[in-house]
Protein chains: 2
Amino acid sequence: MHTSSPTREILDVAWELVRADGLSALSMRELGARVGLRAQSLYVYFPSKHAIYDAMFTNANRELLDRRRALDPPADPTAALRELAHQFVEFCTEDTVRYQLLFQRTIPGFEPSEQSYAVAREVLDWGRRVLADVGVTDPADFDLYTALIAGLVAQQNANEPGGDRWTRLLDRVIDMFLAEVARRNSNTDATLPREPS
Amino acid sequence: MHTSSPTREILDVAWELVRADGLSALSMRELGARVGLRAQSLYVYFPSKHAIYDAMFTNANRELLDRRRALDPPADPTAALRELAHQFVEFCTEDTVRYQLLFQRTIPGFEPSEQSYAVAREVLDWGRRVLADVGVTDPADFDLYTALIAGLVAQQNANEPGGDRWTRLLDRVIDMFLAEVARRNSNTDATLPREPS
DNA sequence: GTCTATACATCGATAGAC
DNA sequence: GTCTATCGATGTATAGAC
């Protein structure tokens, strides 16, 4: 019996270190010391430092997925979208290092593995589903949505980490987005010939 | 007589290296070798590697300012805003490493110096002036604007560097933004009591 | 599985000779 | 101003004792 596997403990401590000193300041010797191991022994559990980053990447995406599953989505699709967006923005701003790992290409040689990407895709597909529920199915509209959210988060984390100068604009941004999509759809209906039915 | 100072040449080569290998892959030894010096001799011109990053930061902001000054802004304020936004987005996406240095906090201990920030503020103030010309003076509206542009650029650079999947949404985003500000202003006019005059 | 020991190449940075 | 020499770090790797 054990409370946590060595692998699990290494990852937990890695997150601690990274949060304290920055994403790229993760050192194998330091990490080993914190878990009572020499740096070399870490290679028993992870083949390289990038493998640790990769596990952290998966880690973080799973955490986001878990939180989404924990939501009890309201019946109203728009309310559900709002809830999702707020959860995502909070997730991205409550831990800027995690945000950096997930959404910025900042570690020199690190590229998430295929299986890590799979989890990231799950997150994105979840978003697509929620948007489809409010009638947004055009891929360009979805790109627009991700850009709007990404912009708020990027500005918040870059210029006022921990604050809410940008994130408090979220509901306004969602309204603006939904109005824009509705406007564009009604324009399209009015000006383009109908599909034969 | 000389074609360029050592300082200038070091910076030029630093940009080359960084564009080739990534922002954090800048190495003093490599940089020295490319300019015909040993790494240690670089410290005659820059007191540290961060000082080189700082000079590059100022460098890039000045380049952006120069381009703005080179614009011959159209008389119509909205057209001028469009032109500015397009120029900015192109500036941010044509060189992702430069974008990373200017707008992402990615280098472990690097913080731009006060005088470097001054140039960055000039850039921001320029944007504020152009937005004021189209009637956008509320600071929250300006924050909204910067987030919208930042979002397009962030998504483009992170997910499809060199492409235009997000940046081609720029005019749509500007329209959406202007409509939102207009809507909000008219709402305010209609529902709030006027100031005594 | 973990240790010690050792190795190699890399890094930023400093001291001091010339 | 440029050099050699050196320092203390880093990631990575291997060999071998226990």
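Reckoned from all heavy atoms, side chains included, excluding hydrogens, waters and symmetry mates.
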Do Glu160(A) side-chain atoms and Asp164(A) backbone N/O form a donor-acceptor pair below 3.5 Å? yes
Nearest-angstrom distance from the residue atom OH of Tyr53(B) to C1' of dG12(C): 11 Å
Sorted by number, residues from residues 34-47 of chain B placing a heavy atom under 4.0 Å from DNA chain C are Gln40(B), Tyr43(B)
Hey, mind stepping through Thr146(A) and Gln155(B) against side-chain hydrogen bond (donor to acceptor under 3.5 Å, both in side chains) and telling me if it holds? CA-CA 8 Å; Thr146(A) 63; Gln155(B) 287 291 83; 2.9 Å; yes
Give a yes or no on whether a salt bridge exists between Glu114(A) and Arg121(A), defined as a side-chain N under 4.0 angstrom from a carboxylate O. yes
Specify the separation, in whole Å, of atom CG of Leu23(B) and atom C1' of dC11(C). 16 Å
Mind checking if Leu31(B) touches a base, just sugar-phosphate, or nothing, with heavy atoms under 4.0 Å? nothing
Ring pair (Phe, Tyr, Trp, His ring centres under 6.0 Å) with Phe88(B): of Phe103(B), Tyr99(B), Tyr145(B), only one passes, and it is Phe103(B)
Would you check if there is a donor-acceptor pair between the side chains of Asn157(B) and Thr96(B) at a distance under 3.5 Å? no
Reading DNA chain D 5' to 3', which nucleotide is the first, and which the last, to come under 4.0 Å of any heavy atom in chain B? dG1(D) to dA5(D)
Inspect the surroundings of CZ in Arg67(B) and state if more than 12 heavy atoms from other residues, nucleotides or ligands are less than 6.0 Å away. yes
Who are the side-chain hydrogen bond (donor to acceptor under 3.5 Å, both in side chains) partners of Arg62(B), not counting sequence neighbours? none
Would you kindly give the CZ-to-C1' distance between Arg29(B) and dT14(C), to the nearest whole Å? 12 Å
Geometric class of the Phe110(B)/Tyr53(B) ring pair [parallel <30°, tilted 30-60°, perpendicular >60°]: tilted
